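All of these numbers come straight from a predicted model, not from anything done at the bench. Hydrogens, waters and symmetry mates are skipped; everything else that's a heavy atom, side chains included, is used.
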Number of protein chains: 2
Amino acid sequence: MTTPAGQRILDHASALFYTHGITAVGVAGIAEAAGVTKKTLYDQFGSKAALVTAYLQRRHDRWWADLQERLAAKPQVDTVFDSYLAHPQFDTDLGCGFQRAAAELPRDHPAFAVIQAHKQAVRDELTRLTGDPDRAEYLFLLLEGAVARRAVEGTTDALDRARELAAR
Amino acid sequence: MTTPAGQRILDHASALFYTHGITAVGVAGIAEAAGVTKKTLYDQFGSKAALVTAYLQRRHDRWWADLQERLAAKPQVDTVFDSYLAHPQFDTDLGCGFQRAAAELPRDHPAFAVIQAHKQAVRDELTRLTGDPDRAEYLFLLLEGAVARRAVEGTTDALDRARELAAR
DNA sequence: GTGCGTGTAAACCGATCGGTCTACCTGTGG
DNA sequence: CCACAGGTAGACCGATCGGTTTACACGCAC
């Protein structure tokens, strides 16, 4: 669907958005990092808002694929925590990319729906794993709290602790 | 300590930073909203970074004073949850202002220390209330998860649920 | 009365914002 | 042979960014 240049743009945009924040990163900087002209960027994505949406959508898709792979090998609750702890395809040390994006974007931004869908999917998966919606809600609370704390404290301590708590 | 104009600047800056995000709000817009010149703003605060720091510091001070008032009347854990649910002096419906700021600011921003100090103070207060550091950590996880979810979902459902869970 | 602190009004700085446009080059497929 | 897609290079748009500067007006305290 996307050209090689389009891929490179999305790669660099993703890293920059996650690290420095969406508002703080300009399209010119993304184009330069990707070794591409602004025209190419706009030919491929049309607008910054669409590029942001593509960034979050792909982040979800990749994260989700990784989760399913892990769950196939180990279908347990703490596997969900594991996939938040480290991901093979992108940075996670600043916390959850979706929480970060939600803090910056207005509610009516086209990408906001992607964020909400991602969180809903995680909650649904927890419900599926436990068979108990109430327990899934509880686990999801722990998980969100742990990744939020990672963003502020810079360590995975809370995530490790939450993983233990989830195991009861 | 601050002049009336300085107060008005901080008032409007706080509302704008919280609602639209720190990076997305410019000093010119703040000055205009406060009915003040940019020069006055810079005479009072010196830089945008210092204004941001003052915003978060005052938010913490006010929130903390409110919490202590509530705790004096009702020295229980769920009082901490209550003060996150609604605050008499500023908006809370987009989630925790400190989590939002942490998502936008680089780790070396002068205001980041204020954020970390705020979260540390809350955790310490929970430890004081429960007398049990482990239980305090657990409650703090629930609390952070609940306010993070408020930012994404736009409701206080998770916060209400966490309050119940905290009560056991 | 004469400073000084607090403020307004507004021009100015260089840089950057998201976004558009013209001109040109190159590889591939009909 | 030629058309078209995907690119580069780079100028251009109006608006805004954080921040500084000059000039002028007010009120209060010594």
Note to self: Can you tell me if T3(A) touches the phosphate of dG7(D), counting only side-chain N or O atoms and a distance under 4.0 Å to OP1 or OP2?
What the structure shows: yes
Item checked: Row check, Y18(B) ring normal vs R100(B) NZ/CZ: under 6.0 Å, within 45° -> yes
Notebook entry, point to check: Is the distance from OP1 or OP2 of dG18(C) to the nearest side-chain N or O of S47(A) less than 4.0 Å?
Noted result: no
Margin query: Quiz question: by atom type and distance under 3.5 Å, do the side chains of Q44(A) and T3(A) form a donor-acceptor pair?
Written below: yes
Notebook entry, point to check: Between dA9(C) atom C1' and K39(B) atom NZ, what is the distance in whole Å?
Noted result: 11 Å
Margin query: Pick the closest DNA chain D nucleotide for Y42(B) and for T37(A) by heavy atoms, then say which residue is nearer the 5' end.
Written below: T37(A)
Next item on the list: Take atom CD of E32(B) and atom P of dA15(D), then tell me their distance rounded to the nearest Å.
Entry: 15 Å
Item checked: Protein-nucleotide distance (K38(B), atom NZ; dT22(D), atom P), rounded to Å -> 16 Å
Item checked: Integer-rounded Å distance: dC17(D) P and H20(B) NE2 -> 12 Å
Margin query: Rounding to an integer number of Å, can you tell me how far F45(A) CZ sits from dG6(D) P?
Written below: 13 Å
Notebook entry, point to check: Is there a donor-acceptor contact under 3.5 Å linking the side chains of Q99(A) and Q99(B)?
Noted result: no
Item checked: K48(A) side-chain proximity, nearest of dG18(C), dG7(D), dT20(D) -> dG18(C)
Margin query: How many whole angstroms separate atom CD1 of I22(B) from atom P of dC17(D)?
Written below: 15 Å
Next item on the list: Output yes when at least one side-chain N/O atom of Q44(B) is less than 4.0 Å from OP1 or OP2 of dT6(C), else no.
Entry: no
Check: Do you see a donor-acceptor pair shorter than 3.5 Å between the side chains of D124(B) and Q120(B)?
Finding: yes
Note to self: With a cut-off of less than 4.0 Å, is there a side-chain N or O of T40(A) near OP1 or OP2 of dT8(D)?
What the structure shows: yes
Check: What is the distance from CG of D43(A) to C1' of dG19(C), rounded to the nearest Å?
Finding: 12 Å
Next item on the list: May I have the distance from R8(B) (atom CZ) to dT8(C) (atom C1'), rounded to whole angstrom?
Entry: 11 Å
Checklist line | Within 45° cone of F140(B) ring axis and under 6.0 Å: R135(B) NZ or CZ | finding: no
